[in-house]
Colleague: 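Would you mind keeping the following structure in view while I ask a few things?
A, B, ... follow the sequence lines: proteins, then strands. Residue 1 opens every chain.
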Amino acid sequence: MPRYYLTTAIDYVNSRPHLGTAYEKIAADVIARYRRLAGFDVRFVMGNDEHSQNVFRQAAEAGLEPIAYCDRMEQEFRKAWSSLDISFDDFIRTTQPRHKAGVTEIARRLHAAGDIYQGTYEGWYCVGCEAFKQDKDLVDGRCPLHPRTEPQWLKENNHFFRLSKYRQPLLDHLHAHPEFIQPESRRNEILRLLEGGLEDVSISRAGQSWGIPLPFDPGSVVYVWFDALINYASAVGLGTDDELLATWWPADLHVIGKDITRFHVVIWPAMLLAAGLPLPRRVFGHGFMTKDGQRMSKSNPGTIIDPSDAAARLGADPLRLFLTKEIVFGNDGDFSWGRFEEKYNVDLANNLGNLVNRVTAMAERYRQGRLVAAPAAETLAAAATTHAHAYAAAMDALQLDVACQSAFRLVDATNEYIAASAPWALAKAGQDHALDRVLWNASEGLRVAAVLLSPVMPASCRTILARLGTPVADVGDLRLERDAQVHVSGTRQLTRADALWPRLEADATAAPISTKTKETPVSDTPKDVAATPAVPAAPAASPAAAQVTAPPSAAAPVEGTDTRLSIDEFMKVDLRVAQVLTAERVPKSKKLVKLSVDLGSETRTIVAGIGEAYEPEALVGRRIAIVANLKPAKLMGIESNGMVLAASAEGNRPILIDFAEPPAPGTRIR
RNA sequence: GCCGGUGUAGCUCAGUUGGUUAGAGCAUGCGGCUCAUAUCCGCAGGGUCCGGGGUUCAAGUCCCUGCACCGGCACCA
């Protein structure tokens, strides 16, 4: 049995998964399930990346040990993936002993190969900022933010990886294996990057406790991204189980976001070359998800969609289909509730779902559900073969959207076949033989379509197969070769049941469905499956829900990570009323405005990013709210001593705070 | 200002290395069917492929240029 090892990127645990991360897992899951269907022995690995300083900080803020925080986040992630029916075989965490063993092994190998050397990072260090400063950041040899503090010349011991040594081998590899990076556009970017030269990279941090110690310098920990990449090999036994490693490595496919392509096609392969390990066969950089055209990001709450919510609304399978079929794999994709609901109605309610219903209904009505094999209908059988081949070719080429479309063409072909052969007319005319044949073939067209769609909609397809009298214990038992063609022998008992995907009516689609419905678990006995819908009836929009036009709100903070401030902490912020004396645009900037403001006792210069929303002249005389005790910052060469308060949603123009009655400049706000 | 992306039917988008008459779904109009969740099937209308210039026997596709929108950074303290 051929093997297939694929991975997704492991996820940072500093926030809960959103639809963008879910998209990657769904796409990878579709590929994994397709490979199983195609007869491969599949290993599908996902996991969490836990050794970042951010995680360390977040844990501290939540009053937790880092590992306890990570444990909690693991549950969050597992819950999300479970609600989306992600069929990973293994879930690796970078804090696990097996991963530490893998990292240690790689570090040891690179060290032995002479590809790690000790270097020092030297530079001006500003104690006030707790950071190294570049020469260009210093003014008269001093940190502009802390002009009274003498910067210190510091050295930090670091270990460097000789990445530069692998420039030519990487270029050779890319030329020898054009399929290594996909899609194509990313490959060109990397070629340009390599042609421009590579610099060695630092792989350690001194003086940190949260991380994996370097075997040859226990005082340093491995830098987080270097650590993270190794998970792909440590998950299959690097450093712990040579036999397992030999079985699965190299990976057939890394599915990652396009933003981290260069880590995966430059640094990671260079590490493997240095360690004497084979390179992964393919790296696929998928696109980003947007919400209603806006970039989905943590700092923009309106764009964050909780994948479990989205799945709960119409079902995990409809969501999986939408993301797989409507987004060209490799391109950015947009999610909107309206489009999701539209595609749900068209593809699932009207076409596939209705086909299931009409086939089972006719079988029951004309034959008490009992169908006997009949000769294949030529056109439909040919369509099944053609579309199944196109489907497999597309899947092999990772054109997931094209593959879905092929499967749906078979759904269309089956609907056409039914219309053309009019079984209801045959029934009326008493042409039993012809009727038997049409019913059998229609059910076969549908069955093959369900087999093809099973990687995308596993639970639903299992239900469809059960209703068609061809139950499987697990869709993983299906095989393309055997099951994705029209069969011409046997007898079956079909069962009609509730609509799989009830059509959403216009007024229901206008409002988000706030009721969280969980998918009815599919029972193990096919009989029950046939009797129970895999997806509950769409919840009717209640009058109350109909008034709500906003989508479900952004992800709530993780339980237990209470980030609220005490009153003392809040009082540290010195908010003041200020009156604008002068305002002028900062030359060559897009949105910066330089203000001088009256604070009662003093006059301050503040630079604010409000130039896109306000004309500077209109600000003069206006009373605004500012933060008065911020550390100064330099913006476009101008020192800003404070911050103007404004309502500012990401992507929207800021709106200044206004006072209904004018307070005196300098008045404290609290 | 720099870097990147996008611009194709009313809407949402496909369009491989240049190659017949530029496609799909939705929406619209007409017709058919009644097994089915008012579903399905057929037909039709609808396009300056953002503008301009160029290369070529041939350009939605390649090159130059302009415009518009989006994203990132410089600058949101």
Colleague: When you check the gap from the basic side-chain N to the acidic O, do Glu326(A) and Arg339(A) get nearer than 4.0 Å?
Modeller: yes

Colleague: Considering only G42(B), A36(B), U37(B), which nucleotide approaches the side chain of Glu416(A) most closely?
Modeller: G42(B)

Colleague: Which value, in whole Å, describes the distance between the P atoms of nucleotides C13(B) and U17(B)?
Modeller: 22 Å

Colleague: If you measure only the distance, is there a donor-acceptor pair under 3.5 Å linking the side chains of Thr603(A) and Ser596(A)?
Modeller: no

Colleague: On a whole-Å scale, what distance lies between the C1' atoms belonging to G51(B) and C73(B)?
Modeller: 29 Å

Colleague: Regarding Val607(A), tell me which of base, sugar-phosphate or nothing describes its non-hydrogen contacts under 4.0 Å with the strands shown.
Modeller: sugar-phosphate

Colleague: Have a look at Asn629(A) and say if it touches a base, only the backbone sugar-phosphate, or nothing, with a 4.0 Å heavy-atom cut-off.
Modeller: nothing

Colleague: Could you give the NZ-to-P distance, from Lys325(A) to A14(B), as a whole number of Å?
Modeller: 14 Å

Colleague: Are Thr290(A) and Asp334(A) close enough that a side-chain donor and a side-chain acceptor fall under 3.5 Å?
Modeller: yes

Colleague: Considering only heavy atoms and no angle criterion, is a donor-acceptor pair shorter than 3.5 Å present between the side chain of Lys591(A) and the base of C75(B)?
Modeller: no

Colleague: Mind checking the P distance from G45(B) to U65(B)? Whole angstroms is fine.
Modeller: 40 Å

Colleague: Is the shortest side-chain N/O distance from Asn345(A) to OP1 or OP2 of U39(B) below 4.0 Å?
Modeller: no

Colleague: C76(B), A36(B), C35(B): which one has an atom nearest the side-chain heavy atoms of Arg496(A)?
Modeller: A36(B)

Colleague: Do the charged groups of Asp332(A) and Lys258(A) touch, with an N to O distance under 4.0 Å?
Modeller: yes

Colleague: Sequence neighbours left out, what passes salt bridge (charged side-chain N to carboxylate O under 4.0 Å, His left out) with Arg668(A)? Give chain and number order.
Modeller: Asp574(A)

Colleague: Using the P atoms only, state how far G46(B) lies from C2(B), rounded to an integer number of Å.
Modeller: 44 Å

Colleague: Would you measure the distance from the P atom in A14(B) across to the matching atom in C30(B) and give it in whole Å?
Modeller: 32 Å

Colleague: Using a 4.0 Å heavy-atom cut-off across all strands, classify Met643(A) as base, sugar-phosphate, or nothing.
Modeller: sugar-phosphate

Colleague: What nitrogen or oxygen pairs link the protein and nucleotides 26-34 of chain B at under 3.5 Å?
Modeller:
residue	atom	partner	partner atom	Å
C33(B)	O2'	Trp424(A)	NE1	3.3

Colleague: Say you pick atom P in C57(B) and the same atom in U16(B); how far apart are they, in whole Å?
Modeller: 23 Å

Colleague: Report yes or no: do Arg576(A) and Asn629(A) form a side-chain donor-acceptor pair below 3.5 Å?
Modeller: no

Colleague: Who are the ring-ring contact (aromatic ring centres under 6.0 Å, His included) partners of His387(A), not counting sequence neighbours?
Modeller: none

Colleague: What's the gap between G42(B) and G60(B) when it is taken at their P atoms, as a whole Å value?
Modeller: 30 Å

Colleague: Output the single nucleotide from A14(B), A77(B), A36(B) whose closest atom is nearest the side chain of Asn354(A).
Modeller: A36(B)

Colleague: Using heavy-atom distances to pick each residue's nearest nucleotide on RNA chain B, tell me which of Tyr366(A) and Asp401(A) is more 5'.
Modeller: Asp401(A)

Colleague: How far, in whole Å, is G10(B) from G47(B) if one measures between their C1' atoms?
Modeller: 12 Å

Colleague: Using the ring-ring contact (aromatic ring centres under 6.0 Å, His included) criterion, which residues pair with Phe329(A)? Sequence neighbours excluded.
Modeller: Phe284(A)

Colleague: Please tabulate the protein-to-nucleotide N/O contacts below 3.5 Å involving nucleotides 9-12 of chain B, giving atom names and distances.
Modeller:
residue	atom	partner	partner atom	Å
U12(B)	O2'	Arg339(A)	NE	2.9
U12(B)	O2'	Arg339(A)	NH1	2.8
U12(B)	O2'	Arg339(A)	NH2	3.0

Colleague: Please work out whether the ring planes of Phe340(A) and Trp337(A) are parallel, tilted or perpendicular, with thresholds of 30° and 60°.
Modeller: tilted

Colleague: Under the side-chain hydrogen bond (donor to acceptor under 3.5 Å, both in side chains) rule, collect the residues that match up with Tyr23(A), sequence neighbours excluded.
Modeller: none

Colleague: Over all strands shown, is Ala361(A) touching base, sugar-phosphate only, or nothing at heavy-atom distances under 4.0 angstrom?
Modeller: sugar-phosphate

Colleague: In whole angstrom, give the distance that lies between atom CG of Leu592(A) and atom C1' of G1(B).
Modeller: 13 Å

Colleague: One thing to verify: whether Glu602(A) and Arg604(A) come together as a salt bridge, which I'm taking to mean a side-chain N less than 4.0 angstrom from a carboxylate O.
Modeller: yes

Colleague: What contact category does Ala425(A) fall into here, base, sugar-phosphate, or nothing, at under 4.0 angstrom with non-hydrogen atoms?
Modeller: nothing

